[in-house]
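Read through the structure below, which is laid out as structure tokens, and then see the notes.
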Amino acid sequence: MAAALYTLFYLISGVQIVRTQLPGKSPIVRLWLGMALGVLLEMQLPALFAYGFRFSVTAHMAALAALVLLVIVCYLLRDRRPPAKPSEQDGRQLAVIAAVCVPLTALSAYLQYTHMIMPAADGSYWCGQSTYGDLCMHLAFATSMRDMAFPPSYSLLAGTPLAYPYLTDSLSTTMMLLGMSTNMAMVVPGTLLMALTYMGYMLLAQQILGGRHKAVAVAALLFFFNGGLGFLYDFDMAWKDGFERVREIFTGYYKTPANQPDLNLRFSNVIVDLMIPQRALLGGWAMGIPALYLLISSTRARSARQTVLLALWAGMLPLVHTHTFLALGLFSGGYLIGRMIVHPEERMGILARAGMYLGIVLVLALPQVLGSARQTVEGGSLRFQFNWVNNSGGRGLIDGYFWFWIKNAGLPFILMLCACLGARRRGYLDIVLGMAAVYLVAETVLFQPNEYDNNKLFYIWYMFAAILAADYGSMLMQRLAGLPGRALLCALFLWASMFSGALSIGREAVSGYQLFSRAAVEAGTWIDGNTDRDAVFLTGQQHINPVCSLAGRQIICGSDLYVFFHGLDYRQQAEDCQRFYENPENNADVLETYDVDYIYVSDYERADFDVDIEALDAAFELVFENSDVRIYAVK
């Protein structure tokens with residue numbers, strides 16, 4: 001209850017701040033922007049005060065006091081125009097948004113619950129297909145930040161600062177500190193962020209498309225049910241094998257039409273393969289879409305007040321999601337150039353507001369990005385590669401260039417290309433240039449060891465591509481007015497554009513995998529209740545690790561599934577762990593080097609190493625044991 005009330009206070013405060021600063025916006029836009037701002041402040045303020053009070057309840061109370069002061073200051077600096085009243089147009093807009101967002105939010109709540117360590121009757125914890133890989137990492141960040149001294153440390157590699165955008169995970173930490181269970185502390189903020197993303201995307205589309213509500217709804221469906229033409233591969237010659245490949249969509253591991261690397265289908269469905277498992281990306285979209293909205297709105301309205309709000313908002317994004325922050329910067333550059341081309345008479349005003357925007361963002365964001373940028377450059381992650389995963393490792397194209405994008409992004413890609421050709425005539429040359437800036441960088445520069453991660457930039461481009469595709473499709477339907485079969489043609493286009501995504505979502509809805517066994521849950525619970533928050537554990541490198549994920553304790557070396565793709569050098573730590581497990585007597589220096597408090601042994605360690613159990617039993621006190629796990633105290 002305390003966690004829910006704490007979040008509710010932030011939501012109400014955010015709505016109040018937006019009401020005082022942007023009274024001219026419609027009530028539904030003020031509500032959405034306000035709730036998003038409230039969540040953004042709930043991420044930022046407790047983390048700021050954690051530098052003085054650790055990430056503790058005390059820091060959260062101090063953040064609450066700061067929030068009250070901020071609301072008062074914003075009221076004193078308010079725009080004194082009367083707030084806009086609801087209009088008939090707002091009512092129609094709300095009806096369309098509700099028709100799309102309410103079912104998607106209900107689906108998201110279900111997927112969040114079934115995919116975020118859902119408790120089973122036997123005491124084990126389960127997850128879904130898409131969260132089997134990433135969830136343990138996000139759990140480790142969220143659970144380890146409880147009462148952690150800031151700046152935060154990377155709990156998966158002892159002695160390493162956390163250079164990952166952690167603020168979305170800190171929302172879950174906040175809710176745990178205020179009494180919410182671990183699984184619900186993941187489910188509640190995840191569902192809230194998904195609802196804000198759905199609502200925000202439709203309002204962004206409405207801002208670009210105007211009052212064409214059907215086109216707005218189509219844009220949302222094209223984006224959230226994306227999946228390309230992958231279904232053609234699964235249904236091709238389906239009768240020959242008795243539809244075995246079709247059945248495998250719902251039973252196999254990553255056999256969905258939108259995500260089949262062996263067929264070079266890599267543009268995964270955004271709901272199940274991005275928003276559900278990739279929590280930093282989810283937070284980035286929920287907070288980044290409002291920034292994109294404010295960018296367009298402030299430029300069109302020539303509003304210095306909106307520009308300042310945009311700059312402050314953008315400056316808080318790097319530790320929410322760095323890729324979204326980068327995409328916002330790229331889109332801003334292209335978009336503002338487009339505005340100056342289309343409206344040359346406004347160039348001086350655009351440049352003045354752009355300078356103010358850039359100056360504020362640099363002051364706020366530069367200290368946040370220096371750590372992660374240095375890690376990217378020094379780790380050798382920054383490199384050039386044309387055409388993303390279609391040119392994997394720079395070894396040459398797998399598919400023809402345009403066929404790769406058509407089969408991955410689907411029919412909307414063709415409509416988007418047509419829309420771009422008529423961009424100036426349709427009045428969105430600025431949008432196209434903003435998209436182009438994001439696309440060109442994502443298509444030529446890699447920023448991380450995993451080349452696939454550039455999709456986090458491509459999907460910002462695709463947000464606008466789907467909107468332009470919906471606009472062009474709407475224009476075609478108008479020109480085909482009176483043509484027999486026009487409705488059927490539209491239905492076939494939507495089906496072909498959404499079917500792969502719908503199948504991928506359906507597979508995820510029925511997926512279920514045991515993540516933590518009952519024995520692992522028991523061990524994690526004991527560790528959480530009986531060891532110090534700052535205790536260091538020696539464990540194996542398995543990614544399903546209750547020590548770091550359930551108990552939030554620091555381990556010497558986590559799974560290379562995480563530390564490698566974060567650009568970290570972990571070879572020494574991995575070697576040290578192995579040599580201690582296999583010969584504890586002659587490698588006691590490992591315990592001293594990393595100041596180890598406990599040694600953890602489970603089936604994973606026994607499978608990966610030739611663990612000398614007899615030596616451990618002789619040298620250390622056994623403080624916990626169950627059917628799988630043994631924990632030894634070092635000190």
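We use all heavy atoms of the structure for the numbers below, so side chains are in, but hydrogens, waters and symmetry mates are not.
Under the 3.5 Å distance criterion, the side-chain polar atoms of Gln541 are matched with a main-chain donor or acceptor of Gly558. Between the side chain of Ser549 and the backbone N or O of Cys136, at least one donor-acceptor pair lies under 3.5 Å. Glu508 contributes no side-chain N or O that, together with a main-chain N or O of Ile505, makes up a donor-acceptor pair within less than 3.5 Å. The closest donor-acceptor contact from the side chain of Ser559 to the backbone of Leu561 lies under 3.5 Å. Put simply, the side chain of Thr143 gets close to the backbone of Cys548: a donor and an acceptor are under 3.5 Å apart. No donor-acceptor pair closer than 3.5 Å links the side chain of Gln514 to the backbone N or O of Tyr125. Distance alone, capped at 3.5 Å, is enough to place a donor-acceptor pair between the Ser511 side chain and the Gln129 backbone. Not one N or O on the side chain of Asp236 forms a donor-acceptor pair closer than 3.5 Å with the backbone of Leu232. A distance-only check finds no donor-acceptor pair linking the side chain of Asp532 to the backbone of Asp534 [under 3.5 Å]. Between the side chain of Asn408 and the backbone N or O of Phe404, at least one donor-acceptor pair lies under 3.5 Å.
Counting heavy atoms from C-beta on, the side chains of Met35 and Val39 never come closer than 4.5 Å. A 4.5 Å side-chain heavy-atom check between Ile467 and Met416 finds every atom pair outside the cut-off. Residues Leu281 and Tyr459 form no side-chain contact, since every pair of their non-hydrogen atoms from C-beta on lies 4.5 Å or further apart. In this structure the side chain of Tyr253 never reaches within 4.5 angstrom of the side chain of Glu248, judged on heavy atoms. Met186 places a side-chain heavy atom less than 4.5 Å from the side chain of Arg279. Side-chain contact between Leu204 and Phe464: present, with at least one pair of heavy atoms (C-beta onward) separated by less than 4.5 Å.
A distance of 6.0 Å separates CG in Asp147 from CG in Leu177, rounded to the nearest 0.5 Å. Distance CG/Leu157 to CD1/Ile555: 8.5 Å, rounded to 0.5 Å. Note: Leu515 CG to Thr131 OG1 = 7.5 Å, rounded to the nearest 0.5 Å. Rounding to the nearest 0.5 angstrom, the gap separating the CE atom in Met118 from the CG atom in Asn183 is 10.0 Å. Here the SG atom belonging to Cys101 is positioned 11.5 Å from the OH atom belonging to Tyr201, to the nearest 0.5 angstrom. Interatomic distance, CZ of Arg507 versus CD1 of Ile249, reported as 10.5 Å (0.5 Å rounding).
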How far apart are the C-alpha atoms of Tyr164 and Thr322, what are their side-chain angles, what is the distance that settles it, and do they pass the side chain to side chain donor-acceptor pair (under 3.5 Å) test?
-> CA-CA 9 Å; Tyr164 184 89; Thr322 312; over 6 Å; no
Test side chain to side chain contact (heavy atoms under 4.5 Å, CB included) on Met275 and Trp285 and set out the steps.
-> CA-CA 9 Å; Met275 295 169 70; Trp285 286 8; 3.8 Å; yes
Carefully, step by step, assess Arg533 and Asp528 under the rule salt bridge (Lys or Arg N to Asp or Glu O under 4.0 Å).
-> CA-CA 8 Å; Arg533 293 289 321 156; Asp528 195 31; 3.2 Å; yes
Does the pair Arg247 and Asp241 meet the rule for a salt bridge (Lys or Arg N to Asp or Glu O under 4.0 Å), with working shown?
-> CA-CA 11 Å; Arg247 281 193 292 270; Asp241 64 1; over 6 Å; no
Determine, stepwise, if the pair Val29 / Tyr293 fulfils side chain to side chain contact (heavy atoms under 4.5 Å, CB included).
-> CA-CA 10 Å; Val29 170; Tyr293 183 97; 3.6 Å; yes
Could you please spell out the steps behind the side chain to side chain contact (heavy atoms under 4.5 Å, CB included) verdict for Asn269 and Asn259?
-> CA-CA 8 Å; Asn269 177 258; Asn259 190 350; over 6 Å; no
Step by step, would you call Leu503 with Phe225 a side chain to side chain contact (heavy atoms under 4.5 Å, CB included)?
-> CA-CA 9 Å; Leu503 289 171; Phe225 283 85; over 6 Å; no
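Ring orientation note: the planes of Tyr6 and His60 are tilted relative to one another, at an angle of 30° to 60°. Note on ring orientation: taking the six-membered ring where Trp is involved, the planes of Phe537 and Tyr598 are parallel (angle under 30°, cut-offs 30° and 60°). Between Phe267 and Tyr462, the ring planes are perpendicular. Angles over 60° get that label, and only those under 30° would be called parallel. Between Trp388 and Phe458, the ring-plane angle classifies as tilted under the 30° and 60° cut-offs.
Between Thr173 and Arg146 the shortest heavy-atom distance is CG2-N, 3.5 Å. Residues Pro261 and Arg266 come closest through the heavy atom pair CA-CD, 3.6 Å. The nearest pair of heavy atoms linking Ser497 to Leu411 is OG-CB, 4.0 Å. When all heavy atoms are compared, the tightest approach of Met184 to Pro189 is O-CD, 4.0 Å. Ala98 and Pro103 get closest at one heavy-atom pair: O-CD, 3.6 Å. Of all heavy-atom pairs between Met116 and Ile276, the closest is CE-O, 3.3 Å.
For the side chain to side chain contact (heavy atoms under 4.5 Å, CB included) with Met43, the qualifying choice from Leu171, Thr174, Asp169 is Leu171, the only one to do so. Partner of His323 under the side chain to side chain donor-acceptor pair (under 3.5 Å) criterion, out of Gln278, Gln448, Lys456: Gln448 alone.
With hydrogens and angles left out, the side-chain atoms of Trp126 and Ser124 include a donor and acceptor closer than 3.5 Å. Side-chain atoms of Tyr452 and Ser268 form a donor-acceptor pair, as typed in the model, at a separation below 3.5 Å. Ser130 and Tyr254 form no side-chain donor-acceptor contact under 3.5 Å, judged by distance and modelled atom types alone. A donor-acceptor contact under 3.5 angstrom links the side chains of Thr539 and Asn545, judged on distance only. Side-chain contact check for Glu522 and Thr525: no donor-acceptor pair (N or O, by modelled atom type) lies under 3.5 Å. Side-chain N/O atoms of Asn390 and Asn264 include a donor and acceptor closer than 3.5 Å. For the residue pair Glu42 / Thr7, a side-chain donor-acceptor distance below 3.5 Å is found, with atom types taken as modelled. If you check the side chains of Arg553 and Ser144, you find no donor sitting under 3.5 Å from an acceptor.
Dense packing is recorded around CZ of Arg245, with more than 12 heavy atoms of other residues, nucleotides or ligands lying under 6.0 Å away.
Proximity of the aromatic rings of Tyr166 and Tyr154 is defined here by a centroid distance below 6.0 angstrom, and this criterion is not met.
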